Peer 1: 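Sharing a structure with you now.
Computed from a predicted model, the values in this text were never measured in an experiment. Numbers for residues simply follow the sequence, beginning at 1.
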Amino acid sequence: MSKSRRQFLGRASAALITSTVACRKPPASESTAPPAGAPPAFGTSPDAGPPVSATTFAEAEKLVQFELSGSDRQTAASNWRKTMAPLYERRVGPRKFSPPPSVSPATSWNPMLPGIAPAPQRDRFVRTASSGSPLPAKDSDVAFASLSQLSRWIESRALTSERLTHIYLDRLTQFDPKLRCVITLTRDLALTQAQQADREIAAGHYRGPLHGIPWGAKDLLDTAGIPTTYGAEPYRNRIPAQDAAVTKRLYDAGAVLVAKLSLGALALNDIWFGGQTMNPWLLEEGASGSSAGPGAATAAGLVGFSIGSETGGSIVSPSMRCGITGLRPTYGRVPRTGAMTLCWSLDKLGPMTRYVEDGLLVLNAISGPDGGDVASVPSHLDFDATASAAGLRVGYIPQWMKENPATDVDRAALETVKKLGMVPTEVNLPDWPYDSLGLILFAEGAAAFEDLTMSGGLRQLKAQVPDAWPNLFRQARFLSAVDFVQADRFRRSVAQEMARIFSQVDLLLVPSLRDEILTITNFTGHPSLTLRAGFVEVSEARSDWAPDPNHPLPKFSPPRRVPHGVTFIGRLFDEGTIGIAGLALERALNFAGERPPGF
C-alpha cells in the first residue's frame, strides 16, 4: 500500500504502541492511492526477501558489532522487508541487470589531492652508457644478464633475439618442474616474434631497449588466443579475444612473450591450480604472491623481465622473497585494460626485474592512459641513470628500523644512504587503525567476483583455508556499507598525511613488509621500488598463509641464507626519483648479481 512519507512515519510510530495498528488492513472503502502531490515514501515497497525477526537482528549484530535495543530490533524487523530487502533486487531478482566485467564503479579513487601538482612536469629518460661487455659464452650467463645489457647486445647484433628466446624457453622447460611458475609456455608465438625482431633489427628498424627481449606475463594479463587463467580452476579454459593494453604496448615495443606465469588463484598468495610456486633461493618455501610466477621466473633467470600486479603487496612481497627488483607504479600510471580486476581502486601493474634500471626501462614502455581504464591518466617519467642521488631527503621512521620486520640489512641500507650523500630525515605517522582500510579491499574483491561467489564456483579453488578468497568473499557479504563509506573517508585522511610527509622529504626508506606502510601506500597509490639489499638467515620457511598447526612449515638447521630487500616509497608519479636512489643503493651494496644456487 502506497502512502505519503508523513502517513508512513505516523503509522511507524503507532507500530511502537500496538502491533494491531501495524498489521491493520484498510477497509475496502478506504482509498489506497496517495493524495495528489504526495512524494514517494520510504518503506512502501512490496515485501521482499525472507522473513526476519528481532532474533535475526540480534544475531546479525555480532557480525557488524553494532548493538540495538530490544525495541529498536523489533522496529527494524517490522519493515525490513519493505525498506531494505528491496534494495537487493539487482542481485536476488528479478535480475534485470548484471554489470559486465569491463564496467568499473562510478566512484573512482584519485590519489592526487586538490592543490598538489603531479611531478615531474617533463618526460626524460637517460640510460646508463653501454658497458661494452662482451657476450658471455655460457647460456646461463646470458640468461642472468640485466635487461639493460641484453638490450645492448641485441641492438649491436652481438646477440639475436631468436638465440636469447631459445635460451629462456629451454630454461623455462628445464626449471619449471622445480618452481611451478609457468601456466602456459608460448613457444610458437615467442619464436615467431623473435624472428620478426631479428629481421627488423637487421633492416635498421630498432624499436628501443625492449626490442627482442623475452618476457613473462602474470597470467591475469589478457593475451589474444592464448589462455589467461587467473591461476584459478574456473578460468582454466578462458581464452580472451583481445590483448591487454600492457600486452599490446610490450608487443609494440618489440618484446617477445615466452610464458604466462603463475599467480595465486585470483591474485592471492602463491597457490594456483597447478600447485604452489616455489622460491628459487629456498625450494622448501613458496615464492610469495600473488605475483609468484614473475618473482620466481625472474629470479631464476627464466625471462628477461616480467609483469606483475599489486593490490596489497603482490609485487613487493615476491620481490622480497625471491631477491629481485619490483617496481609498483603510481596508481593510474599504467592502464589495467584487459587485466583481471580484483579491486578497481587498488590494482596496479608493474615491472619485475633483476636490476633497478631494468624496471624503469619497462615502466617507460607501458605508461600512459588507455580508454578502457577510467583510472588511467597521463603522466611523465623523468629518470636519469647518470644523476647523483646526493642531496635527496630520505624519510624514515626510527622506531620501524628498530623492530621486526626490519633487519640488519634494513639498518645497513639506511647507513649506506647516508654515505651516498642522501639526507636521512625522521618522519612520523599518526597511530591510526590502518588495517581497517582492508574493508575496501574485501568489499571490492567480493564485488568483482560476485557471480563466482553466488554460483558456487569458488568451491573449485585449490585453497579453501579460512584466509583464502572463498571464505573471505563470502564473509564480505556481511560488511557494512556505512563502514565502507567511513573507510573511504579515512582513506582520504591517510592520503593527506602522506602529502604532509612528502612536503618534508623526497622519498621514504621503509622495511618492505611493514604492515602499516604496505597498506597505506597501496591505498594512497604511491609508487614503491623494492630491491635486494643483502642477505639474512632463516631457520624456518616463510609463508603468505596463516599458520596451520596441522601443516607446520619446514625448519632448517643450520639456517638457510636468503636475499632480503628494502623499499623506497616515492611521491605520486615520481618513479624517476626512487629509481635514482635505488640505482645508487644497488651499485653501492653490489648484491644484485648473485644468483640462486642451482640455477
Peer 1: Counting only N and O atoms by type, is there a donor-acceptor contact under 3.5 Å from the side chain of His205 to the main-chain atoms of Ile201?
Peer 2: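 No, the answer is negative, given that no donor and acceptor are paired below the 3.5 Å cut-off.
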
Peer 1: Report yes if some heavy atom in the side chain of Leu346 is under 4.5 Å from a heavy atom in the side chain of Phe523; otherwise report no.
Peer 2: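 Contact flag for Leu346/Phe523 side chains = yes.
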
Peer 1: State, to 0.1 Å, how close Gln193 and Ala255 come at their nearest heavy-atom pair, and which atoms those are.
Peer 2: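 Result for this residue pair: OE1-O, 3.8 Å.
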
Peer 1: Describe, in one word, how the ring planes of Tyr230 and Tyr235 are oriented to each other, choosing from parallel (under 30°), tilted (30 to 60°) and perpendicular (over 60°).
Peer 2: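 It falls in the tilted class, 30° to 60°.
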
Peer 1: Does Glu575 reach the main-chain N or O of Thr330 with its side chain, forming a donor-acceptor pair under 3.5 Å?
Peer 2: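 At least one qualifying donor-acceptor pair exists.
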
Peer 1: Mind listing the closest non-hydrogen atom pair of Thr524 and Pro111 along with its distance?
Peer 2: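 For Thr524 and Pro111, the tightest heavy-atom pair comes out as O-CB, 3.2 Å.
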
Peer 1: Looking at CZ of Arg491 and OG1 of Thr519, how far apart are the two atoms once the value is rounded to the nearest 0.5 Å?
Peer 2: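 OG1 of Thr519 is found 11.5 Å from CZ of Arg491.
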
Peer 1: So, Asp219 side chain and Leu261 main chain: donor-acceptor pair closer than 3.5 Å or not?
Peer 2: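 Checked: no pair found.
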
Peer 1: Which heavy-atom pair separates Thr277 from Arg180 by the least distance, and what is that distance?
Peer 2: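 In this case the closest contact between Thr277 and Arg180 is OG1-O, 2.7 Å.
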
Peer 1: Distance to the ring centre below 6.0 angstrom and angle to the axis at most 45 degrees; does that hold for Arg571 and Phe502?
Peer 2: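 Cation-pi check for Arg571 and Phe502: fails.
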
Peer 1: Verify the neighbour count for atom CD of Glu594: are there more than 12 heavy atoms of other residues, nucleotides or ligands below 6.0 Å?
Peer 2: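 Yes, CD of Glu594 has more than 12 neighbouring heavy atoms, counting only those of other groups under 6.0 Å.
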
Peer 1: Show the numbers, then the answer: is there a salt bridge (Lys or Arg N to Asp or Glu O under 4.0 Å) between Asp141 and Arg595?
Peer 2: CA-CA 10 Å; Asp141 293 335; Arg595 307 174 191 173; 2.7 Å; yes

Peer 1: Salt bridge check, Arg171 against Asp176: does any charged N sit closer than 4.0 Å to a carboxylate O?
Peer 2: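 Judged by the 4.0 Å cut-off on N to carboxylate O distance, Asp176 and Arg171 do not form a salt bridge.
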
Peer 1: Hey, is Lys348 close enough to Glu310 for a salt bridge, meaning N to O under 4.0 Å?
Peer 2: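 Salt bridge between Lys348 and Glu310, a charged N being under 4.0 Å from a carboxylate O: no.
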
Peer 1: Out of Leu327, Val316, Leu507, Asn522, which residue meets the side-chain contact (heavy atoms from CB on, under 4.5 Å) rule with Ser528?
Peer 2: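 Going through Leu327, Val316, Leu507, Asn522 one by one, the side-chain contact (heavy atoms from CB on, under 4.5 Å) with Ser528 is satisfied by Val316 alone.
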
Peer 1: Salt-bridge test for Arg124 and Asp382: reply yes if a basic N is under 4.0 Å from a carboxylate O, no otherwise.
Peer 2: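 Answer for the salt bridge query: yes.
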
Peer 1: Within the side chain of Asp544, is there an N or O that forms a donor-acceptor pair under 3.5 Å with the backbone of Asn269?
Peer 2: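 Side chain of Asp544 to backbone of Asn269, a donor-acceptor pair under 3.5 Å: no, none is there.
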
Peer 1: Should we count CZ of Arg238 as having more than 12 external heavy atoms under 6.0 Å?
Peer 2: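 Buried by this count: over 12 neighbours within 6.0 Å.
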
Peer 1: Please determine whether a side-chain nitrogen of the Lys or Arg among Glu233 and Arg236 lies less than 4.0 Å from a carboxylate oxygen of the Asp or Glu.
Peer 2: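 Not counted as a salt bridge, because no side-chain N and carboxylate O are separated by less than 4.0 Å.
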
Peer 1: Can the ring centroids of Trp281 and Phe599 be said to lie less than 6.0 angstrom from one another?
Peer 2: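 Centroid distance Trp281-Phe599: not below 6.0 Å, so no.
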
Peer 1: List for me each residue that meets ring pair (Phe, Tyr, Trp, His ring centres under 6.0 Å) alongside Phe383, sequence neighbours excluded, and say none if there are none.
Peer 2: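 Listed in chain order: Phe125.
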
